[in-house]
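Numbering of residues begins at 1 and proceeds along the displayed sequence.
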Amino acid sequence: EHFALASAPELTARFNAAPTQELPVVRARSSGERVLELRRWGLVPPWAKDVSVGARLINARSESVLERPAFREAMRRRRCLAPADGFFEWQGKAPARQPFHLALPGGALFAIAGLYERWRGPGGEVVDSFSLLTRPARGVVATLHDRMPLIVDPAGYSRWLDPAAPDPADLLATLPETLGAELVARPVNRRVNDVRHDDPGCLAEPEQPPLPFGPR
């Protein structure tokens, strides 16, 4: 599905995005307009005492999202999509962990299901945040990790973004998500292991060939 956006910020290429940073998400306003905006990765519920809780709420498990107080209301009314063309997983133990870049063949853009919230602090500060949904890993991702992002097929964009979708449990159960099984893995440079590095070198070939990877 291709759709127009009512507004969007200027974006720069990212090669090593990390939790607590501001990243782009798409959401629908109550008017139905869709906007692309920057939000802090790590959901901060409205009732949180401070924003530090967001560092522990970067992901929401799709199987239990409706049972968690931090995510339950957002799942009912405040869903978003996080655009990406890849993500990283690792194999091995520190300090020799080998990163792998997971992407669709040809590097096509995809969208990860997310939830968003707005937190207002006691001093009037406002933090707009989001969390990504995850599912049990499948395909090549399962050789590296037991979880993976919940990647939504384009046919599911409209329903996922619709704040009036009546039954969030049914929405999750019927969400089309076949793209995640098509991901391919490529070993990349260990430069990506340091979040201070955010440049094309993070996607370069590894310094030395990694060991073959297989079931964890």
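Between A82 and F130 the shortest heavy-atom distance is CB-CE1, 4.5 Å. The shortest heavy-atom contact between E117 and A74 is OE2-CB, 3.7 Å. Between S129 and L43, the shortest heavy-atom distance links the atoms OG-CA, 3.4 Å. Here the closest non-hydrogen pair linking P45 and A70 is CG-CB, 3.9 Å. For the pair Y116 and A28, the tightest heavy-atom approach, listed with the atom from each and the gap, is OH-O, 4.0 Å. Across all non-hydrogen atoms, the minimal contact from R34 to S158 is NH2-OG, 2.9 Å.
A salt bridge does not link E67 to R61: none of the charged side-chain nitrogens sits closer than 4.0 Å to a carboxylate oxygen. We find that D199 and R191 are joined by a salt bridge, their nearest charged nitrogen and carboxylate oxygen being less than 4.0 Å apart. Using a cutoff of 4.0 Å between basic side-chain nitrogens and carboxylate oxygens, R135 and E177 are scored as salt-bridged. Taking a cutoff of 4.0 Å between a charged side-chain nitrogen and a carboxylate oxygen, R159 and D170 qualify as a salt bridge. For the pair R40 and D128, the salt-bridge criterion is not met [side-chain N within less than 4.0 Å of a carboxylate O].
In the hydrophobic clustering of ILVMFWY residues, with side-chain heavy atoms under 4.5 Å counting as a link, L115 and L36 come out together. Placement of F15 and F88 within a single hydrophobic cluster is found when ILVMFWY residues are connected by side-chain heavy-atom separations under 4.5 Å, directly or transitively. By the rule that hydrophobic residues join a cluster once side-chain heavy atoms approach within less than 4.5 Å of another member, L161 and L175 end up as members of one cluster. Residues V188 and V184 do not share a hydrophobic cluster, defined by chaining ILVMFWY side chains whose heavy atoms lie under 4.5 Å apart.
Within the model, atoms CG of L66 and CG of L172 stand 6.0 Å from one another, a figure rounded to the nearest 0.5 Å. Taking NE2 of H145 as the start and OG1 of T134 as the end, the distance is 9.0 Å to the nearest 0.5 Å. Here the straight-line distance linking atom CD of E89 with atom NE2 of H101 works out to 11.5 Å at 0.5 Å rounding. Atom CZ of R77 sits about 11.5 Å away from atom CZ of R72, to the nearest 0.5 Å.
Distance alone, capped at 3.5 Å, places no donor-acceptor pair between the N189 side chain and the G201 backbone. E125 places a side-chain N or O within 3.5 Å of a backbone atom of G123 that can act as its donor or acceptor partner. Formation of a donor-acceptor pair under 3.5 Å by the T20 side chain with backbone atoms of A55 is not found in this model. In this structure a side-chain-to-backbone donor-acceptor pair under 3.5 Å is present from N16 to D194. Looking at W41, its side chain never comes within 3.5 Å of a backbone N or O of E22 through a donor-acceptor pair. The closest donor-acceptor contact from the side chain of R27 to the backbone of C80 lies at 3.5 Å or more, if one exists at all.
Proximity of L183 to L104: side-chain heavy atoms (C-beta onward) are separated by under 4.5 Å at one or more points. No side-chain heavy atom of P24 sits less than 4.5 Å from a side-chain heavy atom of E37. Residues P136 and D146 fail the side-chain proximity criterion, which asks for heavy atoms closer than 4.5 Å. With a 4.5 Å cut-off on side-chain heavy atoms, P149 and L132 do not count as touching. Inter-residue side-chain proximity for L133 and F71 is flagged as unmet; no heavy-atom pair is nearer than 4.5 Å. Side chains of E73 and R76 form a contact here, defined as non-hydrogen atoms less than 4.5 Å apart. When side chains are defined from C-beta on, V65 does not count as touching P168, because their heavy atoms never get closer than 4.5 Å. In this structure the side chain of R78 never reaches within 4.5 angstrom of the side chain of P163, judged on heavy atoms.
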Assess whether side-chain contact (heavy atoms from CB on, under 4.5 Å) is satisfied between V126 and R118, documenting all intermediate values. CA-CA 7 Å; V126 174; R118 168 166 286 187; 3.6 Å; yes

For side-chain contact (heavy atoms from CB on, under 4.5 Å), just list the numbers for F100 and Q91, CA-CA rounded to whole Å, side-chain angles, deciding distance to a tenth of an Å, and then say yes or no. CA-CA 8 Å; F100 289 81; Q91 184 182 54; 3.9 Å; yes

Report the C-alpha distance between Y157 and L81 in whole Å, list the side-chain angles of each, state the deciding distance to 0.1 Å, and finish with yes or no for side-chain contact (heavy atoms from CB on, under 4.5 Å). CA-CA 8 Å; Y157 290 173; L81 293 168; 3.7 Å; yes

Decide yes or no on side-chain contact (heavy atoms from CB on, under 4.5 Å) for V140 and L102, but give the supporting numbers first. CA-CA 9 Å; V140 69; L102 285 299; 3.8 Å; yes

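Taking the six-membered ring where tryptophan is involved, the planes of F110 and F87 are perpendicular, since the angle between them exceeds 60° and thus also 30°.
In this model, no donor atom of one side chain and acceptor atom of the other lie less than 3.5 Å apart for S131 and R39. In the model, W90 has a side-chain atom that pairs as donor or acceptor with a side-chain atom of N193 under 3.5 Å. In this model, a donor atom of one side chain and an acceptor atom of the other lie less than 3.5 Å apart for D153 and T178.
In this structure, R68 places its CZ atom where only 12 or fewer heavy-atom neighbours from other residues, nucleotides or ligands lie under 6.0 Å away.
Legend: salt bridge (Lys or Arg N to Asp or Glu O under 4.0 Å) pairs involving residues 97-106, not counting sequence neighbours: none detected.
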